[in-house]
Amino acid sequence: MDNYLNSFREMISLRGLTDRTINCAISQLRFFTLYVLHKPWDDTQLPMRRFDEYLPFVPSKQEVSILIDSMPDLKQKAMVALMYSSGLRIGEVCHHRYEDIQRKNMRIHIRHGKNRSDRYAILSKRALDVLFIPPYCHYQLTHCLCYGK
């Protein structure tokens, strides 16, 4: 067993893997040792790696505005505006239909989202303005957001 652990340590140092990847491999090796080989596992021989938590990059309102305004394609602009302002997933945006928008209440009905559950999301004024630009509004009366060109 020590021979396998030493070769595993060498492989890790040579490939330059991240701590998360190494922890995943250690968990797989532990499972294999305990449940397939039916041998004891000593956590001190190959400890899990600790890694620093980091905060994700969050763009400012101005940076998001510049990004959305720089998109030449109206459909992509509408998709990004909806995803950012309402917190929608890509699949939810792709299956979004015209009748799901409630302009009076400024909200969107999300059908069959994650876990196949329905929910409502808020709709920002800017996303509403992008969605109802005249050439795009006509297209949306009969189609989902992602279908076609």
Side-chain angles (χ1 to χ4, degrees), residues 5 8-37 41-149:
L5 292 178
F8 183 73
R9 286 186 190 111
E10 289 176 22
M11 181 192 70
I12 289 172
S13 63
L14 291 176
R15 292 184 64 188
L17 302 172
T18 64
D19 290 333
R20 292 178 194 267
T21 305
I22 293 169
N23 283 346
C24 183
I26 290 172
S27 295
Q28 292 169 354
L29 187 62
R30 179 180 178 271
F31 179 86
F32 181 76
T33 304
L34 288 174
Y35 297 105
V36 177
L37 298 179
W41 178 261
D42 186 12
D43 286 329
T44 60
Q45 288 182 335
L46 200 57
M48 297 290 270
R49 298 280 181 101
R50 294 189 184 267
F51 44 87
D52 296 331
E53 292 291 326
Y54 58 90
L55 294 175
F57 172 72
V58 179
S60 66
K61 286 183 180 181
Q62 183 181 10
E63 290 170 335
V64 172
S65 178
I66 291 170
L67 172 71
I68 292 172
D69 289 339
S70 68
M71 295 182 159
D73 186 15
L74 195 54
K75 184 185 288 188
Q76 292 173 357
K77 185 183 282 195
M79 290 174 66
V80 171
L82 267 177
M83 286 173 53
Y84 183 77
S85 68
S86 302
L88 301 181
R89 298 173 183 90
I90 187 70
E92 294 169 344
V93 172
C94 287
H95 293 101
H96 168 74
R97 300 187 69 79
Y98 178 80
E99 60 267 10
D100 294 336
I101 299 173
Q102 297 179 2
R103 288 190 271 181
K104 285 184 181 178
N105 300 334
M106 294 298 287
R107 65 183 185 175
I108 305 170
H109 182 236
I110 310 300
R111 299 170 192 265
H112 306 295
K114 191 173 183 178
N115 298 326
R116 297 182 183 209
S117 61
D118 290 5
R119 66 183 175 100
Y120 286 100
I122 59 171
L123 177 65
S124 71
K125 176 73 172 121
R126 179 175 174 125
L128 183 67
D129 292 342
V130 171
L131 281 172
F132 289 98
I133 294 175
Y136 189 69
C137 185
H138 173 72
Y139 174 83
Q140 216 172 289
L141 287 172
T142 57
H143 295 82
C144 289
L145 197 55
C146 287
Y147 297 147
K149 290 190 176 189

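Heavy-atom basis, side chains included; hydrogens, waters and symmetry copies ignored.
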- Asn23 side, atom CG; Arg30 side, atom CZ - distance, nearest 0.5 Å: 12.5 Å

- Query: Could you give the distance from CH2 (Trp41) to CG (Leu34), rounded to the nearest 0.5 Å?
  - Reply: 7.5 Å

- Item | Asp19 side chain vs Arg49 backbone, donor-acceptor pair below 3.5 Å | no

- Apply salt bridge (charged side-chain N to carboxylate O under 4.0 Å, His left out) to Asp42 and list each qualifying residue two or more places apart in sequence or on a separate chain. none

- Message: For a side chain to side chain contact (heavy atoms under 4.5 Å, CB included) check, start with the C-alpha distance between Tyr84 and Arg126, then their side-chain angles and the critical distance, and finish with the verdict.
- Response: CA-CA 11 Å; Tyr84 183 77; Arg126 179 175 174 125; over 6 Å; no

- Message: Nearest 0.5 angstrom please: Ile66 CD1 to Ile68 CD1, how far?
- Response: 11.0 Å

- Taking Asp100 for the side chain and Arg97 for the main chain, is one N or O donor matched with an acceptor at less than 3.5 Å? yes

- Message: Taking the side chain as everything from C-beta on, heavy atoms only, tell me whether Arg107 gets closer than 4.5 Å to Ile101.
- Response: no

- Query: Which value, rounded to the nearest 0.5 Å, describes the distance between Ser27 atom OG and Leu46 atom CG?
  - Reply: 10.0 Å

- Task: For Ser65 and Lys61, indicate whether the former's side chain and the latter's backbone hold a donor-acceptor pair under 3.5 Å.
- Result: no

- Any idea which heavy atoms bring Met48 and Ile26 closest together, and the distance? SD-CG2, 3.6 Å

- Message: Show, in sequence, the C-alpha distance, side-chain angles and deciding distance for Val80 and Val93, and conclude whether the side chain to side chain contact (heavy atoms under 4.5 Å, CB included) test is met.
- Response: CA-CA 9 Å; Val80 171; Val93 172; over 6 Å; no

- Item | Under-4.0 Å salt bridge between Lys77 and Asp73 | no

- Keeping the roles fixed (side chain from Ser86, backbone from Ile122), state whether a donor-acceptor pair exists under 3.5 Å. yes

- Message: Can you confirm whether Gln102 sits close enough to Ile108 that some side-chain heavy atom of one is under 4.5 Å from a side-chain heavy atom of the other?
- Response: no

- Item | Evaluation steps, side chain to side chain contact (heavy atoms under 4.5 Å, CB included), between Met79 and Cys94 | CA-CA 8 Å; Met79 290 174 66; Cys94 287; 4.2 Å; yes

- Query: Looking at residues at least two apart in the chain, or sitting in another chain, which of them share a ring pair (Phe, Tyr, Trp, His ring centres under 6.0 Å) with His109?
  - Reply: Tyr120

- Residues Val130, Leu82; criterion side chain to side chain contact (heavy atoms under 4.5 Å, CB included); working and verdict: CA-CA 9 Å; Val130 171; Leu82 267 177; over 6 Å; no

- Message: Which heavy atom of Ile110 sits nearest to which heavy atom of Ala121, and what is that distance?
- Response: CG1-CB, 4.4 Å

- From CG (Asp69) to CD (Gln62), nearest 0.5 Å: 10.5 Å

- Note on the structure: side chain to side chain donor-acceptor pair (under 3.5 Å) test vs Glu92 passes for just one of Arg119, Arg111, His112, namely Arg119

- Item | Check: Ser85 side chain, Ala81 main-chain N or O, donor-acceptor pair, under 3.5 Å | yes

- Query: Do Thr18 and Ile22 come within less than 4.5 Å of each other through their side chains, counting heavy atoms only?
  - Reply: no

- Message: The criterion is ring pair (Phe, Tyr, Trp, His ring centres under 6.0 Å); which residues satisfy it with Tyr35, sequence neighbours excluded?
- Response: Phe31

